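Just so you know, these numbers use all the heavy atoms, side chains as well, and skip hydrogens, waters and symmetry mates. Just so it is clear, the model here is predicted, and its values are computed rather than measured.
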Protein chains: 2
Amino acid sequence: MSKSSDSISKWVIRRLPRYYRFLMELEKAGIAKISSAELAKKMGFTASQIRQDLNCFGGFGQQGYGYNVTALRAEIQEILGLNTRQNAILIGAGNLGKAVATHIEFEKRGLSLCAVFDNNPALIGNQIGQLTVRDISSLEEVCSSEKPSVAVLCIPKEAARNLADRLIALGIKGFWNFSHYDLLHHSDHIVVENVHLSDSLMTLNYLVKNTQEK
Amino acid sequence: MSKSSDSISKWVIRRLPRYYRFLMELEKAGIAKISSAELAKKMGFTASQIRQDLNCFGGFGQQGYGYNVTALRAEIQEILGLNTRQNAILIGAGNLGKAVATHIEFEKRGLSLCAVFDNNPALIGNQIGQLTVRDISSLEEVCSSEKPSVAVLCIPKEAARNLADRLIALGIKGFWNFSHYDLLHHSDHIVVENVHLSDSLMTLNYLVKNTQEK
């Protein structure tokens, strides 16, 4: 029914979590069906973009009826891989790492956060939610037993630069990178989501300063 | 020399912070000039994209010489508005708000974080860096004296939905939105940077699960 994942554009994939969130909300509000036009209005997309996007996965709408909210939500949930879990580790137990570990609902995003590491003796042993901060020297041991495929990097640039290859050698396939180091794709098998918060803030700052009231 | 800000594509603007970071690094490393080809290699862009991007601002390169690193960094810093400050307020003093307030270097991004608000009595009065968490009921008073133009939202969806119009009425022109509520542009004068961390994590999860070793 759906195209192979290789042929789906990265931009469509990037919009899927947003569809998922909106459909969850509609479902919670007890709405059973929705037209592409209504969904478009809610999401700030065009109706034709929505039809095109969802067609990539075989389409779920019926002409003149619209989309079945629960069925579409369940299908996108399945496509996003939210019904299975892969292990993730977090490196860096400072303010940002702590916020990410406690604020982000990994389990709801198809992941299970299984360990947090730091190299700072003042942080090792601290409790973050259910996890105890481990010494980075135990990375090899933990990776060999827990087999994480995702690493969350909440560490300074230099540390990220130094750790990337070590983590890839330990089987990490994907990086959620909050460090200022631009992790470039080391190979076709490695996936990187760079979260450059400072870049986002600078863009906002620019746009506010340069958006004139007309 | 440079085009008016209105005519510069949003995509070029979005890349400027990245140029800025790379140029800062080169400068720190004592590198005085760089060719577009070398810069391209470092940044993972193409040389022609770099030349095109920088041409939007009047170009800074000399054929056969390359770019003067310090001059280009200073010019981008000026364009990004990093030499002046506008006031920002942060709403939501939970884990995420605390991490954003302490981890993000607002002053280096052209902003000054002047107040943090929450409606939770358990958080009001807490110290975050130099700031004391204020009761959200003092929002009007603070905005009228500090005149912030940017609001950082680290609050739940419902709270964001309810606060957006109130903040716009108080003169907020730009939102740095960490809430799950998709703030759509209320008008041409309002700028929004949505930071959907969960969407980013779901995208990564999908890509790792669907990237096959070939």
Side-chain angles (χ1 to χ4, degrees), chain A residues 5-6 10 13-14 16-18 20-22 43-44 79-82 84 86 94-96 98-100 102-106 108-111 149-150 173-176 180 182 184-185 188-193 195-214, chain B residues 5-6 10 13-14 16-18 20-22 43-44 79-82 84 86 94-96 98-100 102-106 108-111 149-150 173-176 180 182 184-185 188-193 195-214:
Chain A
S5 58
D6 273 10
K10 216 168 167 170
I13 291 160
R14 206 162 277 288
L16 278 185
R18 191 153 169 207
Y20 180 68
R21 281 193 289 112
F22 272 86
M43 298 186 63
I79 292 166
L80 282 172
L82 304 181
T84 59
Q86 56 187 340
N95 266 320
L96 182 66
K98 213 171 140 186
V100 168
T102 52
H103 178 81
I104 300 290
E105 300 173 297
F106 285 89
K108 288 195 184 166
R109 314 302 170 204
L111 296 132
S149 44
V150 167
K173 305 267 178 260
F175 290 92
W176 203 26
H180 283 181
D182 285 86
L184 300 178
H185 295 233
D188 288 349
H189 318 320
I190 305 299
V191 181
V192 179
E193 274 281 305
V195 184
H196 286 308
L197 294 177
S198 297
D199 287 13
S200 166
L201 186 58
M202 281 193 266
T203 304
L204 178 66
N205 177 58
Y206 173 92
L207 291 172
V208 172
K209 283 177 179 163
N210 290 279
T211 300
Q212 308 294 328
E213 307 213 8
K214 276 155 206 159
Chain B
S5 58
D6 274 6
K10 215 168 170 171
I13 291 160
R14 205 161 278 287
L16 279 185
R18 192 151 170 209
Y20 180 68
R21 281 193 289 114
F22 272 86
M43 298 186 62
I79 291 167
L80 280 172
L82 303 181
T84 60
Q86 56 187 341
N95 265 320
L96 182 66
K98 212 172 140 184
V100 169
T102 52
H103 179 82
I104 300 291
E105 299 173 298
F106 285 90
K108 287 193 184 166
R109 314 303 171 203
L111 296 132
S149 44
V150 167
K173 305 266 179 262
F175 290 91
W176 203 25
H180 283 180
D182 285 88
L184 301 177
H185 297 234
D188 288 350
H189 319 322
I190 305 299
V191 181
V192 179
E193 274 282 301
V195 184
H196 285 308
L197 294 177
S198 298
D199 286 12
S200 165
L201 185 58
M202 282 193 267
T203 302
L204 177 66
N205 176 58
Y206 173 91
L207 292 172
V208 172
K209 283 178 179 161
N210 290 279
T211 300
Q212 308 293 328
E213 307 213 4
K214 277 155 208 156

*Is the backbone of B:L111 close enough, under 3.5 Å, to the side chain of A:N205 for a donor and an acceptor to pair up by distance?*
no

*With chain A, which of B:R14, B:H196, B:K108 has the greatest number of heavy-atom pairs at distances under 4.5 Å?*
B:H196

*Residue pair B:I79 / A:N210: nearest heavy atoms and the distance that separates them*: O-ND2, 4.4 Å

*At their closest point, which heavy atom of A:E105 faces which heavy atom of A:R109, and how far apart are they?*
O-CG, 3.2 Å

*Given salt bridge (charged side-chain N to carboxylate O under 4.0 Å, His left out), test B:D199 with A:R18 step by step and report yes or no.*
CA-CA 7 Å; B:D199 286 12; A:R18 191 153 169 207; 5.9 Å; no

*So which of B:V195, B:T84, B:L201, B:I104 has the largest heavy-atom pair count under 4.5 angstrom toward chain A?*
B:L201

_Between A:S149 and B:K209, a side-chain donor and acceptor under 3.5 Å_ = no

_Residue among B:G44, B:S200, B:S198, B:G94 with most heavy-atom pairs under 4.5 Å to chain A_ = B:S200

*Checking B:H180 against chain A: side chain, backbone, both or neither under 4.5 Å from a heavy atom?*
both

*Toward chain A, the part of B:L16 with a non-hydrogen atom under 4.5 Å*: neither

